[in-house]
Amino acid sequence: MLNLENYLRSGQTVISNLLLKNYHHIGLQSDEFLFVLQLHMAQLEGDVFPDLQMIAMNMGIKPDHLYQILNRLVSSGFIRIETTTVNGQKADRYDLFPIYDHLDQYLSSKNQKQEEKSQEKEIQSVYQLFEQEFGRPLSSIEFQRIGQWLEEDHYQPEILKLALREAVLNQAYSFNYVDRILLSWERKNLKTKQQVEEDQKRRKQQLLQKEIDQPAQQEELPKVSLKNWLEE
């Protein structure tokens, strides 16, 4: 039966789950990662340059094989062997921090790819929404027009969707009409969805207040609060 006191005295080796889940993605083989864990354990115990023969014994492999693993890790930039001076004496140590640099680069690249993929889906949804609202496939010129809004004018996809919605509410299924809306927002320096919605809310409140301030008529015509963007 396992002696609990000995178990607790042996200590624990803590490793980040990020490294545990992604060590293979950054280029580490399983035996290389196990060797890194052995070095990490030794350093936690205060031995910054442990005996490789002891580690080979712990891993159940021959020392020559372990030296090959170490050479691969050093040549690949995962581990550095540094020489420091302590109390006038030189001492070697294994620097494991390069591994985390590799991990950071991998995670940053992964996040960037996910953002690019999400952006592509958002852009594709703009074209799909225009076709859906117009009730027909877009022409090549219309595809180019949307592309110019995105790539040359740098309008965000959500802004294009808001401008299309504004045009649809006014029953104006025209690219020129949408362009007028975008130019109007640009002149007002409205660049985000929140800014546009706040401006629309403020404009609606102004129209409601204007209706309240106007004297009531006996036969009042229905009031249309929609904006004609082509008159700007």
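Just the heavy atoms: all of them, side chains too, but no hydrogens, waters or symmetry mates, feed the values below.
A salt bridge does not link Glu158 to Lys193: none of the charged side-chain nitrogens sits closer than 4.0 Å to a carboxylate oxygen. The pair Arg203-Glu166 meets the salt-bridge criterion, with a side-chain N (NZ, NE, NH1 or NH2) lying under 4.0 Å from an Asp/Glu carboxylate O. Comment: Lys204 does not engage Glu197 in a salt bridge, judged by the lack of any side-chain N to carboxylate O separation of less than 4.0 angstrom. Using a 4.0 Å cut-off between a side-chain N of Lys or Arg and a carboxylate O of Asp or Glu, Glu32 and Arg72 qualify as a salt bridge.
Between Thr13 and His40, some side-chain heavy-atom pair lies under the 4.5 Å cut-off. A 4.5 Å side-chain heavy-atom check between Tyr177 and Asn170 finds at least one atom pair inside the cut-off.
Residues Val178 and Ala163 come closest through the heavy atom pair CG1-CB, 3.9 Å. Nearest heavy atom pair, residue Pro98 against residue Ile79, reads CB-N, 4.5 Å. The two residues Ile55 and Pro50 make their nearest non-hydrogen contact at CD1-CG, 3.8 Å. Of all heavy-atom pairs between Pro157 and Glu122, the closest is CB-CG, 3.4 Å. Shown here for Ile26 and Leu103, the closest heavy-atom pair between the two residues is CG2-CA, 3.9 Å. Pairing each heavy atom of Asp31 with each of Met59, the nearest pair is O-CE, 3.6 Å.
Under a hydrophobic clustering in which Ile, Leu, Val, Met, Phe, Trp and Tyr are joined whenever their side-chain heavy atoms come within less than 4.5 Å, directly or via other members, Leu183 and Val196 fall into the same cluster. Hydrophobic clustering places Phe130 together with Phe143 (ILVMFWY residues linked when any side-chain heavy atoms are closer than 4.5 Å, directly or through intermediates). Placement of Ile141 and Tyr127 in two distinct hydrophobic clusters is found when ILVMFWY residues are connected by side-chain heavy-atom separations under 4.5 Å, directly or transitively. Both Tyr100 and Leu39 belong to a single network of hydrophobic side chains, linked directly or stepwise wherever heavy atoms of I, L, V, M, F, W or Y lie under 4.5 Å apart. A single hydrophobic cluster is not seen to contain both Leu66 and Met41; linkage of ILVMFWY side chains at heavy-atom distances under 4.5 Å, directly or through other members, places them apart.
Using a distance-only test at 3.5 Å, with no hydrogens or angles considered, no donor-acceptor pair links the side chain of Ser184 to the main chain of Arg180. When atom types are taken as modelled, the side chain of Thr85 and the backbone of Gly88 share no donor-acceptor pair closer than 3.5 angstrom. Between the side chain of His102 and the backbone N or O of Gly77 there is at least one donor-acceptor pair closer than 3.5 Å. Judged by distance alone, with hydrogens and angles left aside, the side-chain atoms of Glu142 form a donor-acceptor pair with the main-chain N or O of Ser139 at under 3.5 Å. Between the side chain of Asp153 and the main chain of Tyr155, no donor-acceptor pair closer than 3.5 Å is present. Looking only at distances, a side-chain donor or acceptor of Ser16 sits under 3.5 Å from a matching main-chain atom of Leu18. Within the 3.5 Å criterion, the main-chain N or O of Asp104 finds a donor-acceptor partner in the side chain of Ser108. Of the possible donor and acceptor atoms, none in the side chain of Glu131 sits under 3.5 Å from a partner among the backbone N and O of Val126. Without hydrogens or angle criteria, Asp95 side chain to Phe97 main chain gives a donor-acceptor distance under 3.5 Å.
Within a 6.0 Å radius of CD in Gln53, no more than 12 heavy atoms belonging to other residues, nucleotides or ligands are found. For CD of Gln194, the number of neighbouring non-hydrogen atoms (other residues, nucleotides, ligands) closer than 6.0 Å is 12 at most. Within a 6.0 Å sphere centred on NE2 of His24, other residues, nucleotides and ligands contribute 12 heavy atoms or fewer. More than 12 heavy atoms of other residues, nucleotides or ligands lie within 6.0 Å of CD in Gln114, so this atom counts as buried by the packing criterion.
Atom-to-atom distance recorded for His25:NE2 and Asn22:CG is 5.5 Å, nearest 0.5 angstrom. Taken from CD1 in Ile15 to CG in Leu44, the straight-line distance is 8.5 Å, to the nearest 0.5 Å. Between atom CG of residue Asn176 and atom CZ of residue Arg145 there is a gap of 5.0 Å, rounded to the nearest 0.5 Å. Atom CD1 in Ile159 sits 11.0 Å away from atom NZ in Lys191 (nearest 0.5 Å). One finds the NZ atom of Lys121 at 13.5 Å from the CD atom of Glu116 (value rounded to the nearest 0.5 Å). Interatomic distance, CZ of Arg165 versus CG of Leu129, reported as 10.5 Å (0.5 Å rounding).
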Q: Give the C-alpha distance, both sets of side-chain angles, the deciding distance and a yes or no for side-chain contact (heavy atoms from CB on, under 4.5 Å) between Leu73 and Ile99.
A: CA-CA 9 Å; Leu73 292 173; Ile99 294 176; over 6 Å; no

Q: Start with the C-alpha distance between Asp47 and Met54, add both sets of side-chain angles, then the distance that settles side-chain contact (heavy atoms from CB on, under 4.5 Å), and finish with yes or no.
A: CA-CA 12 Å; Asp47 189 357; Met54 182 63 67; over 6 Å; no

Q) Please walk me through it: do Ile146 and Phe175 pass side-chain contact (heavy atoms from CB on, under 4.5 Å)? A) CA-CA 9 Å; Ile146 296 177; Phe175 272 71; 3.7 Å; yes

Q | Step-by-step side-chain contact (heavy atoms from CB on, under 4.5 Å) determination, Leu52 to Phe35 | A | CA-CA 10 Å; Leu52 294 185; Phe35 174 56; 3.9 Å; yes

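Between Phe33 and Tyr23, the ring planes lie parallel to each other; the angle is under 30°, not in the 30° to 60° tilted range.
In this structure, a donor-acceptor pair under 3.5 Å is absent between the side chains of Gln205 and Gln209. A side-chain donor-acceptor contact under 3.5 Å links Ser125 and Lys161. Side-chain atoms of Asp199 and Trp185 form no donor-acceptor pair, as typed in the model, at a separation below 3.5 Å.
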